[in-house]
Amino acid sequence: MPLTRFWILDINYEVKNHQPEIWLWGIDSEGRRVLIIDKSFTTYFYVLPEEGEDAEKLADRIRKVCANLPYITGVEVVDRKYFGKPVKAIKIYCQDPDIMPEYIKVISKVKGISSFLEDDIRYSMRYMIDNNIVPCGWHEVEVEECPNVLNVQVDKVLIAKSTPRYLSEMIDIPKLRILGFSMICYSPKGSPKPEKNPIVIISAITNTGEEKQFIAEKTEDDRKIINDFMNFIRNFDPDIIVGFETNRRDIPYLVARAKANGLSLVIDRAGAEPHTSTYGHVSITGRANVDLFDYADEFPEVKVKTLENIADYLGVMKIEERVLIEDFEYAQYWDDPSKRPELLKFLMDNTRCIMGITEAILDFAIQLSSLVGLPLDHVGTAAVGFRVEWFLIRHAYHMGELVPKKIERAYTPYAGALVLEPNPGIHENIAVLDFKSMYPNIMISYNVSPDTYIPPGEPEIDAFIAPEVNHRFRKEPPGFYREVLAKLIKARDHVREELKRVDRGTIKYRILDARQKAIKVITNATYGYAGWIGARWYIKPVAEAVTAWGRHIIMSTIKAAKNIGLEVIYGDTDSIFVRNDPEKIERLSKIIEEKFGLEIKPDKVYTRVLFTEAKKRYCGLMPDGKLDIVGLEVVRGDWANVAKHIQEKVLEIILKEQTVRRAVDYVRKYIINLREKKIPYRDLIIWKTLTKSPEEYEVKAPHVEAAKSLQKEGWTLTVGDKVGYVITVGSGKLHERAKPYLLASYDEIDIEYYVTNQIVPAALRILSLFGIKENDLLPPKTGKVQTLLEFFGKS
DNA sequence: GCAGCCCTATTACCT
DNA sequence: ACAGGTAATAGGGCTGCG
């Protein structure tokens, strides 16, 4: 039997005559695109007997009922664990995965059933979990070639004659064909609506260097360009299709426009249209549809997650080098023959940005996919909690641990981390000591896990007991979380060890680096998952115990530091700021290592650090002269640039030059410039996120009112969108004077608002530490500028 | 009618 | 639709004020 090695790109299943088939889309070691069909796998679900019910007897009763259910192919009693407790479960095999819900309804009438489990795991996920098949991973399988009667777009269709075997040591990635695209719709007013607004331009770029634009000949006719684009995709036959906001915008729009033109948008490998699937991603069978927008959260420094901002941040294409066209201008540019070429260039540049960002993200996405086991096109749209959960589900399978159902729970808060009151002012030569992976290590050390938790009332002698909250956890056997986290940490250490032996800039380096990042993300999210009420394995005391141990450890560390004469200036969760005394720090580190088995070491040293009166807001000067700004307006996305700029300058002057008067002088001059309208309009925009639809807000807030104005102009706004507004002159509340920045002009701006509510507070946040008051910053509105001497003479 | 106070809603940050 | 802790602003209700 021929043996094939292949890398999995996508997976789906088909059921024909109640006979399921797994379709594995991949690339073989010769670079051929293959479809491997596996007809051998039967799915199943579990039944848990009621308390005191005999499993065998219940199984017999179920068997009787199943006699009338033709696609039930087996009922057996098996040993499993449920939240760590050994249970007898009844495993029921069902040939047709799609008929399961119907059958469960019938079986649920049998007396003695406590619950059904794992019936909510999709057939294709079940197949991968049980057979250790890993998306974006290499596998080996015995196959038999069969004719391509399905007419799918691959080089070979193969029938699996064995179960594919995962080759974990093969970490390379085959040469993938990638197609990026973006498009422009013609809408003279407001957001484009597929019912009436055609697509006028589609840009496409391939990673083989082809660039193509499809331009409508007549504005109202997009039939040809959609058709040409479809043909272009089919000819290039990409493995991965990338875009920006394609899941919720571009692809549904293309599908709708195709339909409006009597076309069917066939861009997959199986002759079907794209369809929306798990977690709201759009599935294109046989290819991976990757929406870069789903990875925007990987760049928290980018506050407004637009394509151009992310590309600018990554150095793909600098904004200064671009002529940006706002969406409300598209129609104008399209209609004007002299401006249309600019629009074409703009869209092509956008597509180049897409290709550039893809390069920065795809390795990580691939590693995340193979680590958590969700297909490449799912993993981006899955929220962090679900990424962790699917990773856990794979491990639960290997431990014989049953997967709990998703249930709705009421939110009840619990105590979290400890934050110290900072000592305001400037401190010299300060080291920041960090615990390495504090929460994951607590979970490992004290075996904190849903399956080791001992509820109150249950006797147990050998247990770890959490401080303050007194939750108990069995010391043995190792818990679910301990096993998983230890594995993750070990895997990451291993990858990082290997990284040291690989040259930077090589493909292998990129893969390994992406791998260790993916492992880190999942490791760090595990505590958060444990405290998430939506988690299948949620047990509040588990999360509560972790933070209790965290508080205990940080408090002990502070005490130990003080004991050896190491002054503690500040601390938050798993870090303490101390005087940089390497000898004492080394001693402290040893004490903590011995006491808790945890590693604490200097993460960075500040030449100088400035604390405000507030927690979580400070600025350190690094030895290389860079500022490390934390929590302050500078790093927040909801302050106008004028405020952020002024605060950064003030911090720079105060920390580097250590002169208050120069900082004050700078602010005063800046205010004068602003009053003379010498500061660009863009720097006055305030951005805020819509966290619900505008009507749902209880109070009238500036950004909500601005959002409503946009809606009136025909723009569609959805939850998560950022609204950019400016404050204009006039009377009344701020929200009455807030206007979307696109609908206002510089002449309307209320400059004094920006002076008193943006610049002054941002500057005073720092300068008030040195006795500066609002009046000291405000130059007189008219007349000549007060000299510094006059100013300091007065104050 | 409005200044001053206090509380709440809202957003975005830190670890 | 991963956690809690925290700061900060604007809105909005209430009180007291000849």
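Numbers restart at 1 for each chain; the letters A, B, ... are given by sequence-line order, proteins then strands.
- For the OP1/OP2 pair of C:dA10 and a distance below 4.0 Å, the side-chain nitrogens and oxygens of A:N757 include at least one atom meeting the criterion.
- For A:H735, a side-chain nitrogen or oxygen approaches OP1 or OP2 of C:dG11 to under 4.0 Å.
- In this structure, CZ of A:F611 is placed 13 Å from P of B:dC14, rounded to the nearest angstrom.
- Around atom NZ of A:K520, no more than 12 heavy atoms belonging to other residues, nucleotides or ligands sit under 6.0 Å away.
- Here A:Y670 and A:H645 bring their ring centres to under 6.0 angstrom of each other.
- Between A:K692 and B:dT10 there is a side-chain N or O to OP1 or OP2 distance below 4.0 Å.
- Taking side-chain N and O atoms only, A:K406 has no distance below 4.0 Å to OP1 or OP2 of C:dA1.
- When the P atom is compared between B:dT10 and C:dA1, the two are found 15 Å apart, to the nearest whole Å.
- At a threshold of 4.0 angstrom between heavy atoms, the contacts of A:R636 include nucleobase atoms, whether or not backbone atoms are also involved.
- The side-chain heavy atoms of A:K688 and A:V704, taken from C-beta on, include no pair separated by under 4.5 Å.
- Geometric assessment of A:K692 against the ring of A:Y697 yields a positive cation-pi assignment under the 6.0 Å and 45° thresholds.
- A close approach under 4.0 Å does occur between a side-chain nitrogen or oxygen of A:K615 and OP1 or OP2 of C:dT6.
- Within the 4.0 Å cut-off from OP1 or OP2 of B:dT15, at least one side-chain nitrogen or oxygen of A:Y618 is found.
- A sub-4.0 Å separation between OP1 or OP2 of C:dG4 and a side-chain N or O of A:R551 is absent.
- Residue A:T689 has a polar side-chain atom (N or O) positioned under 4.0 Å from OP1 or OP2 of B:dA12.
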